[in-house]
Amino acid sequence: MTTPTPAQQVGILAERVVRDGLPASLRDDLAARTVDVLGNCLAARGEEPARIVDAVVREWGGTGVATAVGSRDRLPAPSAALVNGTLAHSLDFDDTHLPSVLHPSSAVLPAALAVAEQVGASGTAMLDAAAVGIEVTCRLGMAGYDEELGNSVFFEHGQHATAICGAIGAAVAAGMLRRLDADTITSVIGIAASMGAGIIEANRTGGTIKRVHCGWAAHAGVAAADLARHGLTGPPTVLEGRFGFLQAFCGDRAHVERVTDGLGEQWETPGIFFKPYPCNHFTHAGIDAALALRASGVTPESVRGLTLGVPAPVLRTIAEPPEEKARPRSGYHAAFSGPYTVAAALLGGGGLGLFHEDFTDAAAADPARLALAALVRCEADAESTAIFPRQFPAVLTAELADGRTVTERVRANRGGPQRPLSDAELSVKFTGNAERSVSPETARQLAQAVWDLRDGRDVAGVTELLRQAS
């Protein structure tokens, strides 16, 4: 008997999960991720990229069947997925899988939510589909991770693996909610592999296109499932073939076996890191170190110099070009700046350490923050480089006016398996996000409605609250 291809093996798993369901522990994890994603969406409602995407999809028109956060009107499912995926990723507050450096939930959950609402799926069906879609996204990202490089091959090429792999994960989730069989899910993967795209130059020199990447992946996933449902087919060897997905994006550095080893038995999904701060994940250990310095009694006034040591590959994102990072041109660009985030944390920020008010355009132009950011010198740190990218560590050394130096080293990121956020901390994050758009009572009801999905409650209970909040 011929061994199924990797795409076929994913299709077989997807069909089995639709039939048999997933364990309660995985559903619990996905409910927490859904709460997190919806909180991020509500917090981002006022962001310009989301407004632009909303305007575009309304020009497209179509039959309204799915809810976009921030609107009372339903949209076509691909359009709702595009809006919600854009919102979910707009504030860089979405969860991260390591070492692939993916933000899988923001690409997959908006697609799953849109299709689940359209077909009237149960909450458990949506959670199960999203779990498989996120798992596929992470495994594809890991297939492009190179141990020798110590980095993602996608990232080395300037590609946004979240958007590229996320399109396939979103498509698998959408196909499962359409109750497609294993062969058709295989075609869904073959179709979506032609749709994923994302370039990360905006991280370096500006532009707001990256905020739309997860939305476009979610949109592509819904579209791929619909195309397969109507009979379009994709190649069964789409992942490992000579002209397939992994060869095209990663070449000889791809590890296709990581897509299927332990598939359905060992799950990447529960180990994905929740973000405590709404900024690029590479900056988080520096923030933690600055908060530790502050807690130890170091004051901004006493600082004469700061050295931020990070993994060498991280410098391109949070330290270069130096002049851009020392004086970020906007609040959004400040979220990708090592010097700015260290300065903001040392001065004292909101939420769990830094929050949205620390990444407004006004905050990024604050003279006190800019003066402190100008004292930060970024460099590669050997120990951090050796740990990266299974963690995004950092070491921060402060040179003080009295001649002392004080150093804080952070080896494991807050929000990950080694330093998980407590239920109370996750609640602080969700409440702070949601209450930027809705009342405290609506926020409480929405979180409860998501948790109720584990009991099989219809997704409509969640989406109705989202429309009422508009």
Side-chain angles (χ1 to χ4, degrees), residues 34 37-38 40-91 94 103 105-121 126 129-130 133 137 162-164 166-178 180 188 191-192 194-198 208-230 232 437 459-460 462-470:
T34 305
V37 165
L38 291 180
N40 292 338
C41 288
L42 287 165
R45 278 180 55 182
E47 298 297 308
E48 184 68 0
R51 184 201 66 76
I52 292 167
V53 168
D54 185 73
V56 169
V57 299
R58 291 182 185 283
E59 287 183 358
W60 288 349
T63 303
V65 295
T67 299
V69 174
S71 173
R72 290 186 178 273
D73 303 321
R74 286 188 174 94
L75 299 170
S79 296
L82 174 56
V83 173
N84 291 341
T86 299
L87 287 165
H89 191 54
S90 279
L91 296 171
D94 38 350
H103 305 291
S105 296
S106 291
V108 175
L109 274 165
L113 185 66
V115 178
E117 183 179 7
Q118 181 178 13
V119 304
M126 193 208 83
T137 302
T162 296
I164 295 164
I168 296 179
V172 170
M176 290 174 64
L177 287 160
R178 288 288 188 181
L180 304 181
V188 166
I191 295 165
S194 288
M195 296 179 165
T208 53
I209 177 56
K210 180 180 174 289
R211 302 199 204 187
V212 183
H213 282 181
C214 287
W216 196 252
H219 176 276
V222 176
D226 283 344
L227 290 167
R229 179 168 59 92
H230 283 279
L232 197 69
S437 293
V459 172
V462 173
T463 55
E464 177 61 30
L465 280 169
L466 287 172
R467 285 196 304 281
Q468 290 177 9
S470 301

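Residue numbers run from 1 in the order of the sequence given.
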When you compare the side chain of [Y] with that of [X], does any pair of heavy atoms fall below 4.5 Å?
X      : Y      : result
His219 : Val57  : no
Val56  : Leu82  : no
Arg178 : Val188 : no
Val212 : Ile52  : no
Leu91  : Asn40  : no
Glu48  : Arg211 : no
Leu466 : Glu117 : no

Heavy atoms only: give me the nearest [X]-[Y] pair and the separation to one decimal.
X      : Y      : result
Arg45  : Ser437 : CD-OG, 3.3 Å
Leu177 : Ala112 : CD1-O, 3.3 Å
Ala77  : Ala66  : CA-CB, 4.0 Å
Thr162 : Ala107 : O-CB, 4.3 Å
Cys214 : Gly85  : CB-O, 3.6 Å
Ala225 : Leu180 : O-CD1, 4.0 Å

- [ ] Using the ring pair (Phe, Tyr, Trp, His ring centres under 6.0 Å) rule, take Trp216 and His213 through it: C-alpha gap first, then chi angles, then the decisive distance, then the call.
- [x] CA-CA 5 Å; Trp216 196 252; His213 282 181; over 10 Å; no

TODO: Enter the distance from Thr86:OG1 to Ile209:CD1 here, rounded to the nearest 0.5 Å.
DONE: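 Between atom OG1 of Thr86 and atom CD1 of Ile209 there are 8.5 Å.
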
Task: Distance in Å, Thr463 OG1 paired with Gln468 CD, rounded so as to fall on 0.5 Å steps - done: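 Going from OG1 on Thr463 over to CD on Gln468, the span is 10.0 Å.
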
Open item on the list: What I want to find out is whether Arg229 reaches Asp226 closely enough, with some N-O distance under 4.0 Å, to be called a salt bridge.
Closed with: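 Between Asp226 and Arg229 there is a salt bridge, with a charged N closer than 4.0 Å to a carboxylate O.
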
- [ ] Go through the steps for Leu109 and Met126 under the test side-chain contact (heavy atoms from CB on, under 4.5 Å), then give the verdict.
- [x] CA-CA 9 Å; Leu109 274 165; Met126 193 208 83; 4.0 Å; yes

TODO: Determine, step by step, whether Glu464 and Thr67 satisfy the side-chain contact (heavy atoms from CB on, under 4.5 Å) criterion, reporting the C-alpha distance in whole Å, the side-chain angles of both residues, the deciding distance to 0.1 Å, and the verdict.
DONE: CA-CA 8 Å; Glu464 177 61 30; Thr67 299; over 6 Å; no

- [ ] Could you please spell out the steps behind the side-chain contact (heavy atoms from CB on, under 4.5 Å) verdict for His89 and Lys210?
- [x] CA-CA 8 Å; His89 191 54; Lys210 180 180 174 289; 2.9 Å; yes

- [ ] Taking Asp54 for its side chain and Val83 for its backbone only, find out whether a donor-acceptor pair lies under 3.5 Å.
- [x]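 No; judged by distance alone, with no hydrogens or angles, the pair does not exist.
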
